[in-house]
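Below is one structure, written out as structure tokens, with a few remarks after it.
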Amino acid sequence: MNDLKLEAAKAAVKFIKPHQTIGLGAGSTIAHLVTLVAADDELAASVTFTSSSFKTTAMLAKNGLRVMAPALLNRLDIYFDGCDQFDKQLNALKSGGGIHTTEKILASMADEFILIGDAGKYTDRLDTTYPMVIEVLPAALQIVLKRLAADFPGAKINQRISSQKDGAVVSDNGNMLVDIFFAKLLPLNELNIKVKMIPGIVEHSLFYGMATKAIIAGEDGVRVIEAV
């Protein structure tokens, strides 16, 4: 069986042109993309990268690629990232890494935001398989938890607690992370606003109306899906 994530990365690298500034998220498909760029001398010598991920940033540096911090940039040509699930309109849920705030910042400054991965991520409509993750200011944690319980009575709400140390999982920004497992999703345009407007929530992991393309690889080949 082909490595579908590698096939998606091979298709994605064709979108990168010399002298562009490219943003990258995290995950195994992104890791393949870094390796492919590093193997292309022309791209490796001219493209500037930034990333929302500590691990990806370290990999870029290890491969000798030019890296800039997100704070030094205000525009990207393309931002590539994976996700847990995305729909026909390219709305996406990202739940794992807890770095969605920086991911959204990079996606918003890019001329193109391209989702990449295997075809198993694609669905007609987003569902409740994966949680929405929220990043919460520490001082607001208790009031945010209370508000979420009141606004979404059927949801299961879990603060992330570390298995590697005593205490909570803390984001790169020094904030708390909370997973919301909905019993049923609200219309996405409503959900996008309703959660974000709770005071104390920095950002959530629903990427609503942001992606412009998706590159997915399945057993029947690679597809490029355009936003509609």
Side-chain angles (χ1 to χ4, degrees), residues 8 12 23-27 29-30 51-53 70 74-137 140 144 147-148 151-152 154-158 160 171-173 175-216 223-228:
L24 300 176
T29 310
I30 296 295
S51 181
S52 50
S53 162
N74 61 19
R75 178 190 166 274
L76 300 174
D77 290 287
I78 308 173
Y79 178 63
F80 293 100
D81 207 348
C83 64
D84 292 310
Q85 188 182 67
F86 73 95
D87 66 15
K88 285 183 176 180
Q89 287 74 44
L90 306 190
N91 301 307
L93 271 173
K94 298 175 58 62
S95 301
I99 57 173
H100 52 271
T101 297
T102 306
E103 290 172 334
K104 271 193 175 178
I105 290 169
L106 295 184
S108 70
M109 70 170 70
D111 293 345
E112 286 227 75
F113 169 25
I114 302 178
L115 297 165
I116 57 174
D118 64 85
K121 310 294 186 184
Y122 181 58
T123 183
D124 286 347
R125 299 178 64 181
L126 296 185
D127 58 34
T128 58
T129 302
Y130 298 95
M132 174 188 279
V133 188
I134 58 171
E135 184 169 350
V136 183
L137 295 172
V144 166
R147 176 73 175 271
L148 289 171
D151 288 356
F152 305 102
K156 181 180 178 182
I157 302 164
N158 294 331
R160 288 195 185 180
S171 76
D172 292 350
N173 304 310
N175 298 317
M176 305 291 104
L177 294 171
V178 175
D179 294 319
I180 311 172
F181 294 85
F182 293 103
K184 182 179 180 180
L185 291 182
L186 293 174
L188 297 184
N189 59 334
E190 181 181 343
L191 184 63
N192 179 50
I193 296 170
K194 188 171 183 176
V195 175
K196 183 66 179 290
M197 290 304 292
I198 297 174
I201 291 181
V202 178
E203 192 52 87
H204 60 66
S205 67
L206 170 63
F207 287 62
Y208 176 74
M210 298 186 72
T212 55
K213 290 185 178 69
I215 300 170
I216 57 171
R223 295 172 59 197
V224 178
I225 301 171
E226 301 274 351
V228 295

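- Within the 4.5 Å cutoff, side-chain heavy atoms of Ser205 are placed close to those of Leu93.
- Side-chain contact between Asp87 and Leu188: present, with at least one pair of heavy atoms (C-beta onward) separated by less than 4.5 Å.
- The only member of Asn175, Leu137, Val144 that meets side-chain contact (heavy atoms from CB on, under 4.5 Å) when paired with Ile201 is Val144.
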Exercise. Test side chain to side chain contact (heavy atoms under 4.5 Å, CB included) on Leu186 and Phe152 and set out the steps.
Key: CA-CA 10 Å; Leu186 293 174; Phe152 305 102; 3.7 Å; yes
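- Side-chain atoms of Tyr122 and Leu115, non-hydrogen and from C-beta on, never get closer than 4.5 Å to each other.
- Atoms CD1 and CG, from Ile134 and Asp179 in turn, are 9.0 Å apart once rounded to the nearest 0.5 Å.
- When all heavy atoms of Gly200 and Ala140 are compared, the closest pair comes out as CA-CB, 3.6 Å.
- Arg125 is not listed as a side-chain neighbour of Leu185, based on a closest heavy-atom distance of 4.5 Å or more.
- Atom NZ of Lys156 has 12 or fewer heavy atoms from other residues, nucleotides or ligands within 6.0 Å.
- Side-chain contact check for Lys213 versus Ile225: every heavy-atom pair is 4.5 Å or farther apart.
- Nearest heavy-atom pair, Gly25 versus Ser52, reported as atom, atom and distance to 0.1 Å: CA-OG, 3.5 Å.
- Inter-residue side-chain proximity for Asp151 and Ile198 is flagged as met; some heavy-atom pair is nearer than 4.5 Å.
- Contact annotation: the side chain of Ile180 never approaches that of His204 to less than 4.5 Å [non-hydrogen atoms, C-beta and beyond].
- Closest approach of Pro70 to Thr102, counting heavy atoms only: CG-CG2, 4.5 Å.
- Distance OH/Tyr208 to CG/Asn189: 4.0 Å, rounded to 0.5 Å.
- One distance of note links OG1 of Thr129 with CZ of Phe181; it measures 10.5 Å at 0.5 Å rounding.
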Checking side-chain hydrogen bond (donor to acceptor under 3.5 Å, both in side chains) for the pair Gln85/Thr123: CA distance, chi angles, key distance, verdict?
CA-CA 7 Å; Gln85 188 182 67; Thr123 183; 4.8 Å; no
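- In this structure, Tyr79 and Leu24 approach most closely via the heavy-atom pair CE1-C, 3.5 Å.
- Separation of atoms CD1 (Ile99) and OG (Ser51) is listed at 6.5 Å; rounding is to 0.5 Å.
- Interatomic distance, OG1 of Thr212 versus CD1 of Ile78, reported as 8.5 Å (0.5 Å rounding).
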Q | Verdict with reasoning, Asn173 to Thr101, per side chain to side chain contact (heavy atoms under 4.5 Å, CB included) | A | CA-CA 9 Å; Asn173 304 310; Thr101 297; 4.1 Å; yes
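- Remark: side-chain polar atoms of Asn91 are paired, donor with acceptor, to backbone N or O of Gly209 under 3.5 angstrom.
- Salt bridge status for Lys94 with Asp81: present, with a side-chain N to carboxylate O gap under 4.0 Å.
- In this structure, Val195 and Leu206 have side chains that are not in contact, with every pair of non-hydrogen atoms separated by 4.5 Å or more.
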### Task
Applying side chain to side chain contact (heavy atoms under 4.5 Å, CB included), run through Met176 and Glu135 and close with a yes or a no.
CA-CA 6 Å; Met176 305 291 104; Glu135 184 169 350; over 6 Å; no
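- Across all non-hydrogen atoms, the minimal contact from Ala107 to Phe113 is CB-CD2, 3.8 Å.
- Scanning all heavy atoms of the two residues, the minimum distance from Phe207 to His100 falls at CZ-O, 3.9 Å.
- Note: Ile114 CD1 to Glu226 CD = 9.0 Å, rounded to the nearest 0.5 Å.
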